[in-house]
Structures are given as structure tokens and as C-alpha cells.
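Heavy atoms only: backbone and side chains are in, while hydrogens, waters and symmetry mates are out. Numbers restart at 1 for each chain; the letters A, B, ... are given by sequence-line order, proteins then strands.
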Amino acid sequence: MSNLLANLNEQQHQAVTLPSQHALILAGAGSGKTRVLTTRIAWLVQSGQASPAEILAVTFTNKAAKEMHARLAAMLPINTRSMWIGTFHGLCNRLLRAHHRDAGLPQLFQILDSGDQLAAIKRLLKTLNVDDEKFPPRELQHFINGQKEAGFRPHAVEAWDEFTRQRVQLYQEYEAQCQRESVVDFAELLLRTYELLERNEPIRRHYQRRFRHILVDEFQDTNVLQYRWLKLLADEGREGGASLFCVGDDDQSIYRFRGAEVGNMRDFEREFRVQNVIRLEQNYRSRGNILDAANAIIRNNSDRLGKNLWTDQGAGEPIRVFEAFSDADEARWLVDEVRGLVRDGALRSEIALLYRSNAQSRVLEHQLFTAGVPYRVYGGLRFFERQEIKHALAYLRLIANPDDDTAFARVVNFPTRGIGARSLEALQDAARTYNTSLYATVPHLSGKAGTVLAQFVRLVEDLRRDTARLPLPELIDHVLDASGLRAHYKSEKEGQERLENLDELLGAGSNFVAEAQADAEVLAGDHALLADFLAHASLEAGDHQADQGADAVQLMTVHSAKGLEFNVVFVSGLEEGLFPHENSILEAEGLEEERRLMYVAVTRARERLYLSFAQSRMLHGQTRYNLRSRFLEEIPAGLVKWLTPPNPRSMAGGALAGMGGGYFKPGASVAPVAARQARGTSAHLPNGLRIGQSVAHAKFGQGVIVAAEGSGSDAKVQINFGPAGVKWLLLAVAKLEPV
DNA sequence: CTCGCGAGTTTTTTT
DNA sequence: AACTCGCGAG
């Protein structure tokens with residue numbers, strides 16, 4: 001036990017050894033949060049205060065759950081399998097499988113990922129003949145998920161206006177469709193489990209008695225429903241309920257957009273009368289300059305719980321800032337810098353290239369590829385989201401659950417077997433009349449459509465029969481052949497990679513079996529393991545990226561970098577409109593979340609931090625001219641070393657060609673010209689103004705002309721004023737001074 | 001019914 | 001720039 005607690009600082013020690021009461025640990029970036037959480041669990045078990053079966057630990061990513069499990073297994077000499085460690089979604093899946101009857105679900109229910117859900121909504125709109133212009137599927141998806149995450153079933157939604165009433169109606173239809181098809185989306189996993197526990201007292205009591213210690217990681221990212229779920233399990237904080245140990249950092253809350261509610265931290269403190277609030281402020285990760293910059297940035301946010309990170313590791317190097325002429329220029333510089341670091345002995349895997357949005361990775365990848373630097377991109381298209389994998393999974397899903405209409409619709413005519421829109425329409429209509437799934441409706445259909453569809457149904461039945469006794473990998477292998485998927489991709493010109501991915505699916509199957517056997521908790525019955533595998537595929541979209549072990553530069557969004565750390569970090573694209581993102585700039589809440597994102601980005605670095613931005617950038621096929629990010633101005637000048645001459649005139653003026661620090665190569669295209677051509681506007685506006693030109697406005701301050709429209713007295717220009725926003729101004733009216 | 005082309009739209013972030 | 005969707009020819 002003593003060695004368990006060795007090397008903990010005072011606050012960490014205090015947190016780990018708190019009595020079994022509710023506790024809130026405010027853990028700053030790099031302050032040893034994961035260590036405290038895992039050591040706490042180990043300490044509880046080792047000191048005899050809790051048995052492993054009494055522990056429930058909730059994380060946000062599967063990766064974090066796995067890591068926690070591994071660390072605990074290393075710390076404790078006993079079997080840790082009886083602990084429940086997982087993501088909210090993973091744990092809910094487990095509960096719903098165990099109590100599927102009480103939850104009103106068949107045992108082999110399927111899980112819809114976001115893409116599946118969107119497809120299901122589109123299909124719903126089509127069958128109901130709803131105008132998808134008026135109800136854009138994406139928007140509806142967002143609406144439905146939002147309601148579920150707030151805990152509202154359709155009848156509970158307050159709809160004051162006609163539009164909302166109609167959307168609620170669609171929400172209800174969507175629910176009915178899901179129930180009919182035995183499928184469950186992400187939000188439904190949570191809501192369904194919550195309702196199960198709320199309504200079923202014996203089950204609720206059972207779990208309340210079982211879990212004496214509930215520990216939550218990344219508590220700042222919980223949404224309303226997740227918090228209520230935790231409260232329910234902890235018996236609302238009543239005497240005799242479990243003790244809740246929540247670890248989080250309000251400054252790192254970056255998922256507000258998908259319903260995360262930082263307010264949960266304050267609510268928790270109040271509602272559970274939390275006596276133990278501990279701040280972990282000593283940072284073991286970053287050098288002083290980096291930390292000072294992070295502190296200075298986050299200080300601009302209001303309404304924080306308050307925390308200031310410090311380190312005893314010394315100031316370290318200054319933060320390097322680079323201004324590029326264009327995004328390509330930025331990428332070239334960046335790759336050169338990376339090569340220099342590697343030449344000096346740095347590990348590529350210790351260098352991270354961070355950006356705000358996935359679209360930005362393209363330029364970086366291009367330059368890395370050209371320079372022959374090995375790299376690895378996180379995020380983007382995940383393994384289980386590739387179309388060929390989705391197709392294969394759809395066949396597997398039909399085997400496990402033929403009523404899954406989403407899966408049915410996906411592969412009924414893939415590979416093409418002469419079942420067109422006509423036949424499908426007839427089938428959909430019939431399915432509505434009989435109120436059965438597409439699959440179950442097929443026998444009701446006569447005529448030509450009936451014949452081809454019956455053939456497809458027979459194919460699926462054969463698949464089910466022939467695979468009933470097969471181990472998972474062989475099962476998948478058989479399906480790939482018998483469905484015709486392999487043959488189809490073999491004949492396709494670009495199909496080679498897809499074939500390889502399909503083979504990799506076999507590998508994923510084998511891995512899953514190996515892990516499931518170790519886990520021992522496998523469902524009984526035919527194809528039950530298959531259902532487990534499919535749930536796994538939905539919940540864990542797959543970090544199946546190339547060459548885990550290879551020494552490669554790491555590329556990812558700031559979001560996916562959360563929780564990670566690197567010796568060297570580059571944050572690129574620090575421009576107004578990009579980071580902070582233009583969609584978030586207008587409301588204060590959104591801007592503060594962007595700032596937390598910046599805080600997360602900066603605190604990923606241990607030794608060296610680079611920040612860069614470009615005067616012009618290709619986005620959506622158009623050249624845009626951005627001002628440099630306000631977050632750069634929030635870093636005290638004394639911490640910064642400019643690699644390019646500081647450009648005080650404003651922030652990046654696009655018209656100021658040649659300001660790329662001399663890095664801009666002769667012959668590189670001049671972005672303003674490209675923009676003019678792309679937009680088809682006149683090359684020169686009156687008064688010598690042009691696109692990319694920096695201008696000053698009496699009220700809005702400095703800005704950059706990003707677009708122009710019309711001519712003569714109608715001539716308008718769009719100007720990005722940074723903090724003051726992006727505005728269209730009439731040239732005839734607005735007083736603009738070139739800068 | 002299938003395939004190919006062109007128009008139109010998109011993108012912030014993800015369990 | 002890349003992807004999706006709808007339309008028309010075969």
C-alpha cells in the first residue's frame with residue numbers, strides 16, 4: 001500500500017485517500033488526473049474499503065477505459081474483471097443487454113452510429129413523404145438527439161410553435177421506427193437505461209447496492225442526462241448511497257456543442273453537499289513558459305471555478321510564433337521544422353501537429369507526403385465507418401436482426417442485383433400497411449419485385465443458416481464471399497484497398513473473439529457473439545489506423561488531442577474564423593469554448609510549442625484572408641519568440657505580399673490573384689482597394705477585404721473585422737481607409 | 001434498372 | 001476541393 005501512495009504530491013495524496021464521501025477533484029491539465037483516479041480505486045480496494053465488484057468507473061473514451069483497466073491490473077495483484085469500467089455508452093449497452101426485457105428491447109438489438117441514424121432519418125422522411133427541404137435530416141437529427149440528451153421523450157417536449165410541433169411529431173415517428181427495427185441510437189442507449197433504472201425499482205436497488213463507489217473521469221464533459229444517470233445510481237446522494245468521486249477540469253470542457261454541461265460541476269457540488277473539493281494545480285507536463293501562456297489565455301474566460309497551474313520545471317524555451325503567407329507556405333515551413341527536429345534526434349511520434357478542423361489536415365499531409373516524412377492522422381474516416389466495412393456489417397446485422405431496416409436498405413441492392421427504386425418503393429409502402437419491417441414484408445409482395453426481393457431474403461436466410469455454428473472470423477469470411485461483396489470489389493478498379501479493409505475486418509473479428517474469451521462474459525445462443533461484435537463496432541468506431549507502432553508524426557484535431565501529451569506541439573491555422581471558429585465567434589459562450597480549446601491545445605506540449613497562422617488559406621475551394629487569432633494576442637509578449645518579423649500593422653494583411661518571413665518561395669502562386677479569379681469579381685475595386693487588402697473602419701477597426709460584389713454605386717465588399725465580426729459594407733457609404 | 005454526368009452543397013468539433 | 005443528389009441516356 002505504501003508504494004501505491006509513494007511519489008504523490010500533497011493534494012494528490014489527499015484526493016486518493018479521501019474518506020468514502022462525495023468528492024470533486026478539479027484537476028488541471030497535466031496534473032496527474034488519471035493517476036489520481038486509478039490510484040484512488042486501487043487504494044480503496046487494497047485498503048479493504050471496497051471490493052472490486054463495488055467499483056463503477058466511467059470514462060469518455062474507450063481508450064481511457066482501456067488504459068485505466070490496464071493500469072489497475074498492474075497496480076493490483078487481484079482480478080479486476082469484476083469492476084465495471086467503461087464509457088457511458090458502453091456501460092449502458094451492457095445494462096440494456098442484461099435487462100433487455102425490462103427495457104423493452106430484444107436481446108440482439110442493434111446500435112446505430114451517427115451515420116446510421118442519419119440514414120434512418122432520411123428513410124423516415126421519405127416514407128412519410130416529408131419535405132426534406134423544410135426538415136433537413138441533419139437538423140432533425142440534432143433536434144432529436146438534443147431532446148433525448150435533455151431527457152425528453154416526444155410527449156414531454158414543450159412545443160410552442162407549429163414548426164417545433166411538427167419536429168416533435170417526426171421525433172415520435174422516428175422512435176416508432178427504431179422500436180420496430182430493434183435499433184437504438186447513441187442517445188437512446190443513455191435515455192433508455194436511465195428510464196429503466198428510474199422505473200424499475202428492483203433493478204435500480206440492485207445496482208445502487210452493488211456500486212458503492214462511482215468514479216467519473218472528465219466530469220466536465222457530462223451532459224444533463226449523464227449526470228442524472230449518475231445521480232440515480234448514487235441514490236441522489238442520500239444516506240447509504242454510493243459515494244461519487246468526480247474528476248474534471250472546467251477549463252477543458254470542449255464538448256458543449258454536443259450537449260456537455262459544465263454546470264454539472266457546480267450542481268454536483270451543491271446537490272451532493274460535497275465537502276471535499278480538491279484542486280490539483282501542480283503540472284508535471286509542461287515547461288513554465290508554456291504553462292504561463294496557457295494560464296494567460298484561459299484567464300480571459302469568465303465564470304471559471306478557478307485554478308492556476310504551476311510547475312517547478314523551469315521556464316524552458318520561448319513559444320515560437322510563425323506567420324506564413326499562405327496555408328501551403330505554413331505547411332512547408334512546418335514540415336521543414338519537423339525534419340530539423342528529427343535530424344536533431346527527436347522522435348517523430350513525440351511531435352504533434354494540431355489543428356482546429358479536420359479539413360486542415362490535407363495541406364499538412366500533402367507536404368509531409370511530398371517530403372517523405374512518415375505521419376499518422378487520427379480521426380477522419382474511421383475503420384468501421386468505411387463504406388465497404390459498413391456494407392459488410394450490414395449483412396452481419398441482418399443475420400443478427402433481420403428487422404434492421406437500415407441495414408436492409410443499405411445492402412438489398414449492393415452489390416447490384418436488379419432491385420431498383422421501384423421495387424423498394426413498393427416494399428416500403430407494403431411495410432407501412434402491414435406495419436412490419438422491410439424484411440418481414442417481402443413475403444407479402446407479389447410480381448417481379450416480389451421475386452427478386454424473395455431471392456435477397458433467401459440469401460440472408462442462407463447466410464444465417466450456414467453461419468450458425470461458425471466461429472466469428474469464419475462467419476465473417478463466409479458472409480464476405482456469399483454476399484458477393486468480395487467479388488464486387490475485386491472487379492472494381494479502385495477496389496484493392498477496400499478488399500484489404502475487408503480482410504482486416506476478419507482480423508478485427510479474431511481480436512474481438514480473443515478479448516471476449518478473456519472477458520468470459522459472453523452472451524449465450526446462436527449469433528450472440530456476433531451481436532456483441534456489432535455493438536463493439538458501433539461503439540468503438542475503431543482506432544484501426546495504420547502502423548500503430550511506427551515512428552510517425554502525429555496529426556489530429558485539438559479535440560482528439562485532449563488527454564494526450566507530446567514533447568513538441570505545433571498548433572497551426574491560428575486565424576480568426578478558423579480558431580476561434582467563425583460559427584462560435586458571435587456568442588460569448590461559443591468563444592469561451594474556443595478559448596478552452598486553445599488552452600487544451602497549448603497544454604499538450606511538454607518542451608516546445610509552435611504557434612502558426614497564414615495570411616491566406618484555401619477553404620471550401622476558395623481562398624480566404626483571415627486575421628490572426630485573438631488568442632495569440634492573449635499570450636504575454638515576453639513568452640513569445642517571433643520567427644517572422646512581428647506584423648503590428650494589423651494582424652495578417654493579405655495584400656502585404658512578401659511578409660511570409662522570406663519563406664515564401666519564388667514562383668509560388670500569389671493568393672489574391674487566385675481569389676479574384678475564383679470569385680469572378682473585378683481585380684481592382686475603387687480607391688485602389690482589392691481583395692486581401694487591409695483596411696480601417698471608424699467603428700469596426702482594422703479588417704481585411706475578403707470578398708466583393710456588384711459594381712458602381714452597388715459595389716459591396718465583405719470585410720473580416722476579426723473581433724467585430726465579418727460585415728458586408730457598401731463602398732459608396734462606408735468610409736474605408738487602406739492600411 | 002444502371003450508369004454517368006453536372007449541379008449544388010458543404011464543414012467544427014465526436015462518444 | 002470533395003461529396004452527395006438528381007436527372008437523363010442507354
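Between A:Glu67 and A:Arg71 there is a salt bridge, with a side-chain nitrogen of the basic residue lying less than 4.0 Å from a carboxylate oxygen of the acidic one.
For the pair A:Asn413 and B:dC1, the criterion of a side-chain N or O lying under 4.0 Å from OP1 or OP2 is not met. Contact check, A:Arg138 against B:dT11: a side-chain N or O comes under 4.0 Å of OP1 or OP2. At least one side-chain nitrogen or oxygen of A:Asn358 sits closer than 4.0 Å to the OP1 or OP2 atom of B:dT14. Between A:Arg362 and the phosphate of C:dA2, there is a side-chain N or O to OP1/OP2 separation shorter than 4.0 Å.
Protein atom CD of A:Glu593 is 12 Å distant from nucleotide atom C1' of B:dT14, rounded to whole Å. One can place NE2 of A:His142 at 16 Å from P of B:dT15, the figure rounded to the nearest angstrom. One atom, CE of A:Met618, and another, C1' of C:dA2, lie 12 Å apart when rounded to the nearest Å.
Side chain of A:Lys122, nearest nucleotide from C:dA1, C:dC5, B:dT14: C:dC5. Among B:dT14, C:dA2, B:dT15, the nucleotide with an atom closest to any side-chain atom of A:His559 is B:dT14. Of the listed nucleotides (B:dT15, B:dT13, B:dC1), B:dT15 has the atom at the smallest distance from the side chain of A:Thr61. Residue A:Thr416 places its side chain closer to B:dT2 than to any other of B:dT2, B:dT15, B:dT14. Here the nucleotide nearest the side chain of A:Asn583, chosen from B:dT13, B:dT11, B:dT15, is B:dT11. When the nucleotides B:dT14, B:dT15, B:dC1 are ranked by their closest atom to the side chain of A:His89, B:dT15 comes out on top. Set against C:dA2, B:dT14, B:dT11, the side chain of A:Phe257 has B:dT14 as its closest nucleotide.
Looking only at distances, a side-chain donor or acceptor of A:Arg417 sits under 3.5 Å from a matching main-chain atom of A:Val412.
When the options A:Glu587, A:Glu149, A:Glu261 are evaluated for a salt bridge (charged side-chain N to carboxylate O under 4.0 Å, His left out) with A:Arg256, the one that passes is A:Glu587.
We find that the ring of A:Phe60 and the base of B:dT15 do not stack by the test of centres under 5.5 angstrom and planes tilted less than 30°.
In this structure, A:His559 has its ring center under 6.0 Å from that of A:Phe257.
A:Asp221 comes within contact range of no nucleotide atom at all, as no heavy-atom separation falls under 4.0 Å. As judged by a 4.0 angstrom heavy-atom cut-off over every strand, A:Leu597 is placed among residues making no nucleic acid contact. A:Arg596 comes within 4.0 angstrom of no nucleic acid atom, judged by non-hydrogen atoms across all strands.
For the P atoms, the distance linking C:dT4 with B:dT13 amounts to 16 Å, nearest Å.
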From CA spacing to verdict: salt bridge (Lys or Arg N to Asp or Glu O under 4.0 Å), A:Lys390, A:Glu385: CA-CA 6 Å; A:Lys390 279 274 184 195; A:Glu385 285 170 0; over 6 Å; no

